[in-house]
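Each residue takes its place number in the sequence, starting with 1.
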Amino acid sequence: VEDRGEVVGVTFDGPAVVLAEYTGNTSAEKARLVLPKGHLPTSAALSADGARLTVGDSTGRVTVWTVGDREPAGTAETGTGLPVARVALSADGRSVAAPVKGGIAVWSVGAAEPVLTRASDDGVSFRFLQVNERLGTAGRDGT
């Protein structure tokens, strides 16, 4: 987390997502977030301030967690039923993006329906840019 000078790593341990702080040669578990039964984490993204974590899972669900209280702040369904290969979280932790059938979608955290859906190929890469919280995308088709 840049503003505090610490390095935070995210790993998966079965149905749990583990956040660890690394300082010098030591590490300490910061949080352990356990997904519902039958859900396994497949992708994750941490907000710039380290306060929120987005987790894509094996069932096509995206959950945004508040790290401090270890509670979900919201969930969204991609509608694919497939593992979520990648997720992005805006720097302020208020918007999340993930692949959906035929493209990518952006949700406001806590909203069930996406605020934006963009058609793209299956191999699209995306991330939130800190400038104006815009979503940048790059597809195999050159767009």
Side-chain angles (χ1 to χ4, degrees), residues 1-23 27-143:
V1 180
E2 292 177 27
D3 63 341
R4 294 193 300 249
E6 61 196 31
V7 177
V8 178
V10 179
T11 59
F12 303 148
D13 183 14
V17 179
V18 180
L19 275 76
E21 268 181 18
Y22 297 91
T23 310
S27 68
E29 189 172 297
K30 183 175 179 170
R32 179 175 288 266
L33 310 170
V34 180
L35 277 61
K37 186 175 179 151
H39 296 240
L40 295 173
T42 56
S43 57
L46 191 61
S47 64
D49 64 2
R52 287 197 168 173
L53 175 73
T54 298
V55 178
D57 74 27
S58 57
T59 69
R61 175 181 285 182
V62 176
T63 304
V64 178
W65 297 78
T66 303
V67 174
D69 64 11
R70 295 170 174 77
E71 292 292 328
T75 61
E77 295 288 340
T78 64
T80 65
L82 300 172
V84 180
R86 55 202 170 279
V87 292
L89 184 62
S90 62
D92 65 6
R94 294 182 183 180
S95 299
V96 62
V100 294
K101 186 175 182 178
I104 59 170
V106 176
W107 293 264
S108 292
V109 173
E113 296 298 318
V115 294
L116 170 75
T117 303
R118 181 183 182 280
S120 67
D121 60 59
D122 290 339
V124 70
S125 295
F126 52 89
R127 71 177 282 189
F128 282 96
L129 308 173
Q130 292 197 11
V131 178
N132 298 327
E133 292 294 321
R134 294 178 185 234
L135 184 73
T137 64
R140 288 185 290 201
D141 61 2
T143 57

If you compare all heavy atoms of [X] against all heavy atoms of [Y], which two are closest, and at what distance to 0.1 Å?
X	Y	value
G93	V109	O-CG2, 3.4 Å
P83	T42	CB-CG2, 3.8 Å
A97	V106	CB-CG2, 4.1 Å
A98	V87	CB-CG1, 4.3 Å
S47	A91	CB-O, 3.9 Å
A51	D49	N-OD1, 2.9 Å

Report task. Output all residues satisfying salt bridge (charged side-chain N to carboxylate O under 4.0 Å, His left out) with E29, sequence neighbours left out; order by chain, then residue number. Result ->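 Expected list: R32.
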Which donor-acceptor pairs under 3.5 Å do the side chains of residues 59-70 make with protein atoms, sequence neighbours left out?
from : atom 1 : to  : atom 2 : distance (Å)
T59  : OG1    : H39 : ND1    : 3.2
T59  : OG1    : D57 : OD1    : 2.7
R61  : NE     : E77 : OE2    : 2.9
R61  : NH2    : E77 : OE2    : 3.1
D69  : OD1    : E71 : N      : 3.1
R70  : NH2    : K30 : O      : 2.6

Sequence neighbours excluded and cut-off under 3.5 Å, please list the side-chain donor-acceptor pairs for residues 110-120, or say none.
none

So, do [X] and [Y] sit near enough that their side-chain heavy atoms are less than 4.5 Å apart?
X	Y	result
Y22	V8	no
W107	T75	no
V55	L33	no
R52	V96	no
R86	P99	yes

